[in-house]
Amino acid sequence: MSEELYDLETSLPVNPVERFLRMDRLPHIWCPGCGIGTTVNCFAQALESSGLDLRTTAIVSGIGCTGRVAGYMNLDSFHTTHGRAIPFATGLKLANPGLKVVVYSGDGDLSAIGGNHFIHAARRNVDMTVVLINNATYGMTGGQVAPTTPMSAVASTTPYGNFESAFNLPALADSCGAVYVARWTAFHVRHTTKAIKEALLKKGFSFVEILAPCPTLYSRRNKLGDGLAQMLYYQENSEVRHGAETKDVALGFQGKIIVGKFVDRERPTYHEAMDEYYTRKLGEQYVHAVVGGA
Amino acid sequence: MNADPKGVLTGAHFIDGDHACCEGAIAAGCRFVAGYPITPSTEVVERIAERFPYVGGVFIQMEDEIASSIAIQGAVWAGKKAMTVTSGPGFSLMMEHIGLAAMTETPCVFVNVQRAGPSTGLPTQPAQGDMMQVRWGSHGDYQIIAVVPNSPQECFDFTIKAFNLSEQYRVPAFVMMDECVGHMTERVVIPPAEQIDIVPRRWFKGTPDAYEPYRADADLVPSMVKAGDGFNIHVTGLTHDEHGYPNMSVAAQDKLVHRLREKITRNVESIVEYREDQIEGADVVVVTYGITSRTALPAIARARRDGLKVGHLRLVVVWPFPEQRIRELASRVRAFVVPELNLGQIVLEVERCAAGKVPVRLVGHTGGTVHQPDDIYQAIITSGKGR
């Protein structure tokens, strides 16, 4: 076929999520079978269906495999330090409440080294969406045990199996005051997309946990097969239970996975509470912050 | 440009250094502060918390110093001038984010009201033990700017100076106070806003297609945009290219790290600042900074009454260090005396620049109190007698 008959530039269908990605940064670094890319696709579709202004949407990541997501999104994107995406995002949001701020990072980043910031941002109800990709291990550094590694699972630093209790992250977010809490897996792409969209449109601290396979490290060490095998596990063992008590959704090694939307409630955000309180206390003397000013 | 008059409490005040630092930050245009309580710095954020609702600022007390030191950087990328305030133990927790600010060229100000360490040490008593930590505390090669006030008036003036230098060179800048200066109450004159020079952010003026976030201007400093401006910037602590994208090559590392260093070292003559008294013809030069510049004064005066030719060089900007000036002096004085509230930090820089030409005598003190002037006097006399 000659170039005159078939113009590659105009004839190839454009991937609908292309405009959300920094195409000049591809290919990405994730392994074959890794679930993170799938969640990014869901995130991009959620951005599209949410109707958010991309110009005022910012993404903040920490460090690790999921920490690389910010660098692939065609948004104002910040790749910060290990565990500190949430406090960076807190500063970003409070300094410009007009921004939609998304934190996108991994289980180790957000719940181990960043656990303190996670609970305080939820407590304050800082208006941000936190998407946590839970692959049950530290992928970037070679598959060490994480606060999310299920009991008995093998990791490079638990060669005989893990004997620590894992976090139940929806329960943690719920108990600290998150206004939206959902869990899905990389298998549930439509539910995940819908949940991220709902979280993006929810005012306050919204939290979506997405289970994702790490075939290279977690699955291989635990003899769980490839990425597809873990997707089949998600398919066969997930039970949708919207409104479940978050205390009942803890995860065990290759056990049942309770998925769904667990929390959806209203609370004043940090910024609303601050504005309302100062307006009541100080009246006309209270000067609202304006954007910029440096 | 001049300061925004809405934030400037023009007039004479009788306030301590911590409060003066707060007023300096507000005058400098700071409208975001994140902090965590720690003695002896807490009064700075207490006053910020009281003042900010009246000037359109946002103060948040974070869960720890790690969070504070990065929340301010988020605020900077949203368009604010921002500051955090701490003391030794909190400062130790902030080290990683000093590196992040250096690497991402995020202009922001850290105030450290130094207390005696190591560890929890003496929470309510002074020291100057963090002078090397501020320079070298985070990993890797980078440059910072640090100013050291010796009075509440200078806590006001130098906080503005730190903001201005931070914006001009896009580096984290530090106000290295100590407990004495922070808690000392003196007359502080806040000038009218139109007499306060403020360096605005280096905003990029062009369009997104013409913008590369880390393409430096002639002075090696790049221009900035903020989140929400439609530039879709990427900011990372990874080694990055001019576009801001990660680049794991040796060449990219070499280019970036050299520029981060040289944007300060090549502009060092514009940044360094020191005050000299009777340096010409001096046999002994006493090199001081912060509160020690005041405890040294009676010692210097007494040695001069004894007939010794004693010069006094007080560092205002400690980092970058005025290497050139110390090298010059080393070729014509007989000795340097360096009193400091630690067991030898800035004295190492003086020694390095003196390069063995003349003796450099440390008058160390572990902190908790300031020096006895007599200790400094004895060191001057001993040095003046020569070898």
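Lettering follows sequence order; numbering is per chain, from 1.
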Exercise for the section: Under 4.5 Å heavy-atom distance to chain A, tell me which part of B:Ile198 shows up: side chain, backbone, both or neither. Expected result: neither

Exercise for the section: Heavy atoms only: give me the nearest B:Ala78-A:Val291 pair and the separation to one decimal. Expected result: O-CG1, 4.5 Å

Exercise for the section: Measure the CD1-CG distance between A:Ile63 and B:Leu238 for me, rounded to the nearest 0.5 Å. Expected result: 6.0 Å

Practice task
Heavy-atom distances under 4.5 Å only: say whether B:Leu100 touches chain A with side chain, backbone, both or neither.
Solution key: side chain

Practice task
Would you mind checking which part of A:Leu94 comes under 4.5 Å of any heavy atom in chain B, side chain (CB onward), backbone (N, CA, C, O), both or neither?
Solution key: both

Completion exercise
Turns out that what part of B:Ala34 lies under 4.5 Å from chain A's heavy atoms comes down to neither

Exercise for the section: Please state whether the side chain, the backbone, both or neither of A:Met73 comes within less than 4.5 Å of a heavy atom of chain B. Expected result: neither

Exercise for the section: Under 4.5 Å heavy-atom distance to chain A, tell me which part of B:Val55 shows up: side chain, backbone, both or neither. Expected result: backbone

Practice task
Go through the structure and list residues passing ring pair (Phe, Tyr, Trp, His ring centres under 6.0 Å) with A:Phe88, not counting sequence neighbours.
Solution key: A:Phe78

Problem - Residues that B:Phe156 engages under ring pair (Phe, Tyr, Trp, His ring centres under 6.0 Å), provided they are two or more places apart - result: none

Exercise for the section: For chain A, find which of B:Gly29, B:Gly230, B:Gly237 contributes the most heavy-atom pairs closer than 4.5 angstrom. Expected result: B:Gly230

Exercise for the section: Might you point out which heavy atoms bring A:Leu92 and B:Gly74 nearest each other, and give the distance in Å? Expected result: CD1-O, 3.2 Å

Could you pull out every donor-acceptor pair under 3.5 Å between chain B and chain A?
from: B:Pro53; atom 1: O; to: A:Val287; atom 2: N; distance (Å): 2.8
from: B:Gln61; atom 1: O; to: A:Arg124; atom 2: NH2; distance (Å): 3.1
from: B:Glu63; atom 1: OE1; to: A:Arg124; atom 2: NH1; distance (Å): 2.8
from: B:Glu63; atom 1: OE1; to: A:Arg124; atom 2: NH2; distance (Å): 3.0
from: B:Glu63; atom 1: OE2; to: A:His117; atom 2: ND1; distance (Å): 2.8
from: B:Asp64; atom 1: OD2; to: A:Asn116; atom 2: ND2; distance (Å): 3.3
from: B:Gly79; atom 1: O; to: A:Ala294; atom 2: N; distance (Å): 3.1
from: B:Lys80; atom 1: NZ; to: A:Val290; atom 2: O; distance (Å): 2.3
from: B:Lys80; atom 1: NZ; to: A:Gly292; atom 2: O; distance (Å): 3.1
from: B:His97; atom 1: NE2; to: A:Thr81; atom 2: OG1; distance (Å): 2.6
from: B:Arg201; atom 1: N; to: A:Ala294; atom 2: O; distance (Å): 2.8
from: B:Gly228; atom 1: N; to: A:Asp76; atom 2: OD2; distance (Å): 2.6
from: B:Asp229; atom 1: O; to: A:Arg55; atom 2: NH2; distance (Å): 3.1
from: B:Asn232; atom 1: N; to: A:Asp76; atom 2: OD1; distance (Å): 3.2
from: B:Asn232; atom 1: O; to: A:Arg22; atom 2: NH1; distance (Å): 3.0
from: B:Asn232; atom 1: O; to: A:Arg22; atom 2: NH2; distance (Å): 3.0
from: B:Asn232; atom 1: ND2; to: A:Asn74; atom 2: O; distance (Å): 3.0
from: B:Asn232; atom 1: ND2; to: A:Asn74; atom 2: OD1; distance (Å): 3.2
from: B:Ile233; atom 1: N; to: A:Asp76; atom 2: OD1; distance (Å): 2.9
from: B:Ile233; atom 1: O; to: A:Arg22; atom 2: NH2; distance (Å): 3.1
from: B:Ile233; atom 1: O; to: A:Ser77; atom 2: N; distance (Å): 2.8
from: B:Ile233; atom 1: O; to: A:Ser77; atom 2: OG; distance (Å): 3.3
from: B:His234; atom 1: ND1; to: A:Ser77; atom 2: O; distance (Å): 3.3
from: B:His234; atom 1: ND1; to: A:Ser77; atom 2: OG; distance (Å): 2.7
from: B:Val235; atom 1: N; to: A:Ser77; atom 2: O; distance (Å): 2.9
from: B:Val235; atom 1: O; to: A:His79; atom 2: N; distance (Å): 2.8
from: B:Thr236; atom 1: OG1; to: A:His79; atom 2: ND1; distance (Å): 2.7
from: B:Gly237; atom 1: N; to: A:His79; atom 2: O; distance (Å): 3.3
from: B:Tyr245; atom 1: OH; to: A:Arg22; atom 2: NH1; distance (Å): 3.3
from: B:Tyr245; atom 1: OH; to: A:Asp24; atom 2: OD1; distance (Å): 3.2
from: B:Tyr245; atom 1: OH; to: A:Asp24; atom 2: OD2; distance (Å): 3.3

Problem - Most contacts with chain A, counted as non-hydrogen pairs under 4.5 angstrom, among B:Ala28, B:Gly79, B:Cys30, B:Gly57 - result: B:Gly79

Problem - Counterpart residues, ring pair (Phe, Tyr, Trp, His ring centres under 6.0 Å), relative to B:Phe110 (two or more places apart) - result: B:Phe174

Exercise for the section: For residues B:Val58 and A:Ala289, report the shortest heavy-atom separation together with the two atoms involved. Expected result: CG2-CB, 4.0 Å

Problem - For chain B, the option from A:Ala70, A:Ala58, A:Ala95, A:Ala89 that forms the most heavy-atom pairs under 4.5 Å - result: A:Ala95

Handout entry: CG (B:Asp141) with more than 12 external heavy atoms under 6.0 Å
Key = no

